[in-house]
Amino acid sequence: MKIIEVKDLKEHLGEEIKLRGWVRNYRKASSKLRFVIFRDASADIQCVAFKPEMGEENFDKVKKITIESSLEVIGVAQKHPKFEDKFEFQLKDINIINIADEYPIGKKEHGPDFLLSQRHLWMRSAKQNAVLKIRHTVYFAICEYLNNNGFYRFDSPILTPNASEGTTTLFEVPYFDLGSAFLSQSGQLYLEAGIMSLGRVYDFGPVFRAEKSKTRKHLTEFWMMDAEAAFVEHDENLRIQEELIRFVIRTVIDKNTRELEILERDVEQLKKADAPFVIMTHREVIDFLKGKGVEIGYLDDFGAPEEELITAEYNVPVFVDRWPKEIKSFYMKRDPENPDLALGADLIAPEGFGEIIGGSQREDDHDLLLERINKEGYKIEDYQWFLDLRKYGSVPHSGFGIGLERLIQWMSGVRHIREVIPFPRMINRIYP
Ligand code: 4AD
Ligand code: MG
């Protein structure tokens with residue numbers, strides 16, 4: 001007998017087939033009729049258990065099942081009698097693999113804390129399943145774009161001797177006789193070494209930030225894709241980011257129609273974002289915010305409410321460009337036209353999903369970089385290798401880092417970041 005997935009049922013109407021999966025729910029209609037909502041990894045289907053069709057012995061097996069029991073079901077798929085485009089599965093027999101204990105989720109409305117403590121089970125729900133599928137698409141779409149545009153995958157280390165994004169969010173771990181190591185906040189600095197060999201490189205993996213903030217957009221462990229390219233200057237860096245993000249939008253719309261529907265994502269809104277992005281300087285943004293009555297200064301960063309105000313004006317993401325050097329990282333190159341500004345831009349997603357990318361042209365002058373490392377109070381010996389890159393054949397170069405979960409939030413329309421990663425790590429949660 002053919003074993004197929006629920007999503008392929010429509011190609012096997014009228015054939016006797018087998019499905020393997022779990023019981024999402026069931027309902028007793030009468031003493032001889034039961035409905036079982038059956039799910040596998042691909043989709044859900046309503047199974048009809050009708051005693052006269054199945055025979056007493058097989059029907060008795062159906063009576064034993066509980067929510068989340070694992071089963072093989074054998075039967076025939078047909079068009080749903082009432083709904084176009086829907087199917088039903090007439091059961092002939094079932095093989096019970098495991099009878100589930102009383103399932104903790106689903107009897108009533110649950111709060112997020114309870115659901116997070118049951119994350120290992122909660123991920124079976126239709127919405128969580130849809131988000132995880134979109135995560136898969138976004139991840140591989142990013143890789144596909146980069147692989148097709150001359151970037152080599154280059155795996156940067158997780159255990160590092162130094163900070164790339166400031167010392168306030170470092171996770172420290174004991175490291176044998178060498179004292180302390182730190183979990184990587186971004187692979188960027190290592191990629192800057194990689195490009196002098198490979199030209200264009202990217203990494204993609206977990207990064208760690210001891211973020212004290214409890215927000216809908218912060219995790220302590222999240223996934224970042226850092227890309228870096230030799231001979232690419234600031235404007236081209238922005239162009240690459242825009243092209244990549246627009247490729248991701250189109251890929252998600254193309255591959256995840258069903259998942260976007262399950263999540264009730266407004267796809268029109270996503271389609272509108274696949275158009276030229278807006279570029280504003282940090283100064284223009286501050287002026288705009290002041291005009292909206294926000295109390296903010298020219299040396300300030302923004303929080304979520306400001307990000308929402310900025311992007312409310314547009315359907316496309318906004319690059320906030322040329323930041324005051326004081327509030328950006330030491331490695332950013334200065335604007336040749338105004339040395340008080342950094343050649344860095346953040347990309348803010350529309351619909352209030354916030355910053356999805358941070359990027360910049362990098363300082364390629366040895367002495368200027370040395371000066372800034374000193375100013376940060378970092379130990380020169382820790383950064384000697386990074387300075388070396390400016391001593392031996394330095395070239396102009398740029399790069400950027402995408403927060404994978406932020407991008408998935410935007411694509412799937414999920415308001416809280418804890419739902420877009422299989423096992424979220426936050427300031428107050430490390431279980432399960
Ligand atoms: O803006 P960030 O800090 O930039 C860097 O780390 C650069 N070194 C990247 C580079 O140029 N290669 O982080 C990049 C992105 C942010 O724009 C945001 O989307 C995400 O990472 N991000 C977080 N996502 C979830 N939780 C957090 N705590 C995050 N912090 C940053
Ligand atoms: Mg940033």
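Atoms within each ligand, like the ligands themselves, are counted from 1 in listed order.
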Angle between ring planes, Y383 versus F386, binned at 30° and 60°: parallel, tilted or perpendicular?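 Taking F386 first and then Y383, their aromatic rings stand perpendicular (interplane angle over 60°).
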May I ask you to decide if the ring planes of F171 and F208 are parallel, tilted or perpendicular, using 30° and 60° as cut-offs?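 Perpendicular, since the angle between the ring planes exceeds 60°.
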Nearest neighbour of atom 16 (C) of ligand 1 from the list E355, K328, E192, on a heavy-atom basis: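 Going through E355, K328, E192 one by one, E355 has the nearest heavy atom to atom 16 (C) of ligand 1.
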With atom 13 (O) of ligand 1 as the reference point, say which of R209, Q185, E165 has the nearest heavy atom. R209
Quick one: do F151 and V201 satisfy side-chain contact (heavy atoms from CB on, under 4.5 Å)? Show the steps, please. CA-CA 5 Å; F151 286 82; V201 297; 5.7 Å; no
Please tell me whether D321 and T281 have a donor and an acceptor in their side chains that are separated by less than 3.5 angstrom.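 Looking only at side-chain atoms, T281 and D321 do not form any donor-acceptor pair under 3.5 Å.
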Which of these, Q185, K212, H218, sits in a side chain to side chain donor-acceptor pair (under 3.5 Å) with T169?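 When side chain to side chain donor-acceptor pair (under 3.5 Å) is applied between T169 and each of Q185, K212, H218, only Q185 qualifies.
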Distance from [atom] to nearest protein heavy atom, with residue and atom:
| atom | value |
| --- | --- |
| atom 18 (C) of ligand 1 | R406 NH1, 3.5 Å |
| atom 28 (N) of ligand 1 | L219 O, 2.9 Å |
| atom 12 (N) of ligand 1 | D226 OD1, 2.7 Å |
| atom 11 (O) of ligand 1 | R362 NH2, 2.9 Å |
| atom 30 (N) of ligand 1 | F222 CZ, 3.4 Å |

salt_bridge(R39, D44) N-O dist < 4.0 Å: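 So R39 does not pair with D44 through a salt bridge.
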Kindly determine whether E236 and R200 satisfy salt bridge (charged side-chain N to carboxylate O under 4.0 Å, His left out), including the steps that lead there. CA-CA 13 Å; E236 191 182 352; R200 292 179 168 210; 3.6 Å; yes
Which atoms from ligand 1 have a heavy atom of [X] less than 4.0 Å away?
| X | result |
| --- | --- |
| G403 | 15 (C), 19 (O), 20 (C), 21 (O) |
| I356 | 17 (O), 19 (O) |
| I357 | 17 (O) |
| E211 | 28 (N), 30 (N) |

Would a distance-only check, ignoring hydrogens and angles, find a side-chain to backbone donor-acceptor pair under 3.5 Å from S184 to V207? no
Of all N/O/S atoms in E355, the name of the one nearest the Mg ion (ligand 2): OE2
